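All remarks here apply to the structure that follows.
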Amino acid sequence: MARHLITSALPYINGIKHLGNMVGSMLPADVYSRYLRQRGHDVLYICATDEHGTPAELAAKEQGLPVADFCAQAHDAQKAVYDGFALAFDFFGRSSSEQNVEITQHFARKLNENGFIEERAIRQVYSPADGRFLPDRYVEGTCPHCGYDKARGDQCENCTRVLDPTDLIDPRSAISGSTDLEVRETKHLFLLQSKLQHEVEQWVAAHEDEWPHLAASIARKWLNEGLHDRAITRDLDWGVPVPADTWPELAAEGKVFYVWFDAPIEYIGATKEWADQDPENRDWKSWWYEADDTVRYTEFMAKDNVPFHTVMFPATELGVREPWKKVDYVKAFNWLTYYGGKFSTSQKRGVFTDQALEILPADYWRYFLIANAPESDDSSFTWEHFTATVNKDLADTLGNFVNRVLSFSKKRFGEEVPAGAAAGAAEAKLGEEIAGLLAEYESQMEALQFRKAAAALRALWSAGNSYLEEKAPWLEIKQDPEAAALTLRTAMNLIHLYAVVSEPFIPSSAAAMRGAFELADDTKTWVTADEARALTFLPAGTPFTVPPVLFAKLTDEDLETYKDRFGGE
């Protein structure tokens, strides 16, 4: 089987992430990782907190903590939420790790040796009120392209255009709010992306036909506009230090690397963190170095991160002139909106992941978000849509099927899977339908089409309900108990199948379904087409219990409570 390296965009350290962040990177990466593992592939799913840069310093300052302490606490808080969402990372690291410092500095030295880094004197914003140069994100103002009045000096959050602080209209200090800003000369390191333009174009051209249109079009847009040399150092107290053995003057001035230089390198750094925990059994380099023919690398991210992963980081890897693994497939997502407006960490708009888990278990959110993933366009979260999806798909279609099959069988036949009559035409028809739907589900998962995969999974659940309505065991039991027993045995085998194939979407509920049956050796990781047709996973006589209700229906009162708390019109 193939080796699959999977990364999701690093969540930034300055606070708990919202549902848009979850569905735009980490959750679909987890669903895909789980699916691949079930199909027998060797999978390594790596993520980390992105801890450097201006917002980390500002958030720490706001809380009155040293930035290192703030980041350590915030990392643990984020990890607890991701554990609550059942994200099965192989490792969740930190970009402030010594491994990332080591590899980032190595990349910088190699780029410099190869003529792709240049020291330049530039004019940079200086705030007399703050007594310091202001890195990009310390400068706020109005975007010259779209007029958004809270644009940052590195990128406009509204239109995603990359900016320099001097581009902003009416700039102000993000620290003090002072508009008394000056432009002074200072020295920084520049990555000469212009010299790598042709190589990046060739690399993108070799991959873009396979990528989703969203990822390919963003990469092509950046290349068509031309790659510009980019400053990769900043005047900050917190970051990967510029190595003194290569740039002693800048190191003495306390320069650190720009967060967007070291953050993608942390994918490699976190893999080394993972390997360093068990060096006898883990080889981090086999995933990243000279791995083009042995590893398939898939990245998950929202569209605002696409340029950095399809252009800037590949330029860095190409310029190093070493055989580091570059991404094979970029799964890019549009934005999940909240009633048509943007989720925003900085503006605290929308539902945040910790709040979501306070309200309902993770599987409710996992299923809804993936079933409505913003793949082809932005999608909108509304409480009305969420409630309708939970009630129709999870409570009525899946949960009700499981509950009524097991409860009715227990009532009529006791706490063991009944034997009943031999399978007939209805069961053969059902088996063919299930095998076809399972093939569709597999096909969409392989293609990373998550909404279509969710639709196929939903159709699998619906097929069980249709079979149950057709056979009507509550009527069969009156005239032919053996026929009713066959129907229930077949339905129980469907429940076991659902437990196996639903695990990537709803792992806790899948475990509850599976745990309802006391099989002696239940190690099945997937279901073949022939097994789907036969539906004979559970021998007659297998003990079972009726699990608690899998998904409670949400009421109109619940809906109004959620809207009152979070807003929603």
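Computed from a predicted structure; not experimentally measured. Values below: every heavy atom of this structure, side chains too, minus hydrogens, waters and symmetry copies.
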Please tell me if the side chains of L494 and F401 come closer than 4.5 Å, counting only heavy atoms from C-beta onward. yes

If you measure only the distance, is there a donor-acceptor pair under 3.5 Å linking the side chains of Y467 and E427? yes

With a 4.5 Å limit on heavy-atom distance, are the side chains of T49 and C71 in contact? no

Are V31 and M445 side-chain neighbours, meaning at least one heavy-atom pair lies under 4.5 Å? yes

Output side-chain donor-acceptor pairs under 3.5 Å for residues 447-455, partner residues at least two apart or in another chain, one line each.
residue, atom, partner, partner atom, Å
R451, NH1, A373, O, 3.2

Supply the atom-to-atom distance Y367 OH to L457 CG, rounded to the nearest 0.5 angstrom. 6.5 Å

Between N281 and D278, is there a side-chain donor-acceptor contact under 3.5 Å, judged purely by atom types and distance? yes

For A532 and L438, the nearest pair of non-hydrogen atoms, with its separation, is CB-CD2, 4.2 Å

Does a side-chain heavy-atom distance below 4.5 Å link P361 with F551? no

Hydrogens and angles aside, do Y45 and D30 bring a side-chain donor and acceptor to less than 3.5 Å of each other? no

Heavy atoms, side chains only, cut-off 4.5 Å: are L519 and T542 in contact? yes

Could you please spell out the steps behind the ring pair (Phe, Tyr, Trp, His ring centres under 6.0 Å) verdict for F408 and F413? CA-CA 8 Å; F408 186 74; F413 296 101; 7.6 Å; no

Compute the ring centroids of F381 and F368, then answer whether they are less than 6.0 Å apart. yes

Checking the side chain of S217 only, and the main-chain atoms of L214 only, is there a donor and an acceptor separated by less than 3.5 Å? yes

Let me confirm one number: the OG-CZ distance from S409 to F544, rounded to the nearest 0.5 Å. 4.0 Å

Using 30° and 60° as the class boundaries, would you call the ring planes of Y289 and W324 parallel, tilted or perpendicular? perpendicular

Spacing of D328 atom CG and W211 atom CH2 [to the nearest 0.5 Å]: 9.5 Å

Hey, what do you get for CG (D90) to OG (S33), rounding to the nearest 0.5 Å? 7.5 Å

How far apart are the closest heavy atoms of P547 and V402, and which atoms are they? CG-CG1, 4.5 Å

If we only count heavy atoms from C-beta on, is the L223 to V200 side-chain gap below 4.5 Å? yes

Hey, does the side chain of Q38 reach the backbone of E503 with a donor-acceptor pair shorter than 3.5 angstrom? no

Evaluate the side-chain contact (heavy atoms from CB on, under 4.5 Å) criterion for residues E518 and E415: first the C-alpha distance (whole Å), next the side-chain angles of each, then the deciding distance (0.1 Å), finally the verdict. CA-CA 11 Å; E518 298 178 26; E415 297 181 346; over 6 Å; no

Contacts satisfying side-chain hydrogen bond (donor to acceptor under 3.5 Å, both in side chains) that involve residues 306-320 (not counting sequence neighbours) are Y267-H309

Checking K325 against W287: charged group under 6.0 Å from the ring centre and within 45 degrees of the axis? no

Set of residues satisfying side chain to side chain donor-acceptor pair (under 3.5 Å) with respect to S502, sequence neighbours excluded: W461

Between E299 and K331, is the closest basic N to carboxylate O distance under 4.0 Å? no

Could R296 and E210 be called an ion pair, given the rule that one side-chain N must be under 4.0 Å from one carboxylate O? yes

Is it the case that atom CD in E446 sees more than 12 heavy atoms from other parts of the structure closer than 6.0 Å? yes

Residue pair S509 / D363, side-chain donor-acceptor N/O under 3.5 Å: yes

CA sep, side-chain torsions, deciding dist, call: F89, M26, side-chain contact (heavy atoms from CB on, under 4.5 Å): CA-CA 9 Å; F89 304 115; M26 290 176 284; 4.2 Å; yes

Do W335 and F333 make the cut of ring centroids closer than 6.0 angstrom? no

If the plane angle is over 60° it's perpendicular, under 30° parallel, otherwise tilted; pick one for Y441 and Y35. perpendicular

Indicate yes or no for a side-chain donor-acceptor contact from N403 to the backbone of V549 under 3.5 Å, with no hydrogens or angles considered. no

Does a side chain donor of either H52 or E266 reach within less than 3.5 Å of an acceptor in the other side chain? no

Closest approach of A332 and P212, non-hydrogen atoms and distance? N-CG, 4.4 Å

Side-chain touch T353/Q78, heavy atoms, less than 4.5 angstrom: no

A side-chain contact here means heavy atoms from C-beta on lying under 4.5 Å apart; do L360 and L554 qualify? yes

Can you tell me how far the OH atom of Y32 sits from the CZ atom of R37, to the nearest 0.5 Å? 12.0 Å

Closest contact, heavy atoms only, P374 versus S379: CB-OG, 3.5 Å

Counting only N and O atoms by type, is there a donor-acceptor contact under 3.5 Å from the side chain of N493 to the main-chain atoms of F537? yes

Treating S407 as the side-chain partner and R404 as the backbone partner, does any N or O pair qualify as donor plus acceptor under 3.5 Å? no

Is the closest side-chain donor-acceptor distance between E476 and T487 under 3.5 Å? yes

Do Y297 and R3 get their side chains close enough for a donor-acceptor pair, meaning under 3.5 Å? no

Taking only residues two or more places apart in sequence, or in another chain, which ones meet E273 in a salt bridge (Lys or Arg N to Asp or Glu O under 4.0 Å)? none

Main chain of D283, side chain of S286: is a donor-acceptor contact present, judged purely on distance under 3.5 Å? yes

What one should report as the nearest heavy-atom pair of F308 and D304 is CE1-O, 3.7 Å

Examine distances only and state if a side-chain atom of K17 and a backbone atom of G15 form a donor-acceptor pair shorter than 3.5 Å. yes

Spacing of CD1 belonging to I265 relative to OG1 belonging to T104, to within rounding of 0.5 Å: 4.0 Å

Taking all non-hydrogen atoms of both residues into account, name the closest pair between V306 and A215 and its distance. CG1-O, 3.8 Å

Do the ring planes of W203 and H207 sit parallel (below 30°), tilted (30 to 60°) or perpendicular (above 60°)? tilted

Donor-acceptor pair, side chain of Y364 and main chain of F386, under 3.5 angstrom: no

If only side-chain N and O atoms count, and only distance matters, is there a donor-acceptor pair under 3.5 Å linking N334 with E375? no

Counting distance only, does the side-chain N/O of N100 pair as donor-acceptor with the main-chain N or O of G269 below 3.5 Å? no

Residue list, salt bridge (Lys or Arg N to Asp or Glu O under 4.0 Å) with K524, at least two apart or on another chain: E531

Any sub-3.5 Å donor-acceptor pair from H496's side-chain atoms to M492's backbone N or O? no

Is there a donor in the side chain of W526 and an acceptor in the side chain of E442, or the other way round, less than 3.5 Å apart? yes

Salt bridge flag under 4.0 Å for residues K553 and D396: yes

Report the relative orientation of the aromatic rings in H41 and H4; use parallel for angles under 30°, tilted for 30 to 60°, perpendicular for over 60°. perpendicular

Which residues share a side-chain contact (heavy atoms from CB on, under 4.5 Å) with E432, sequence neighbours left out: R533

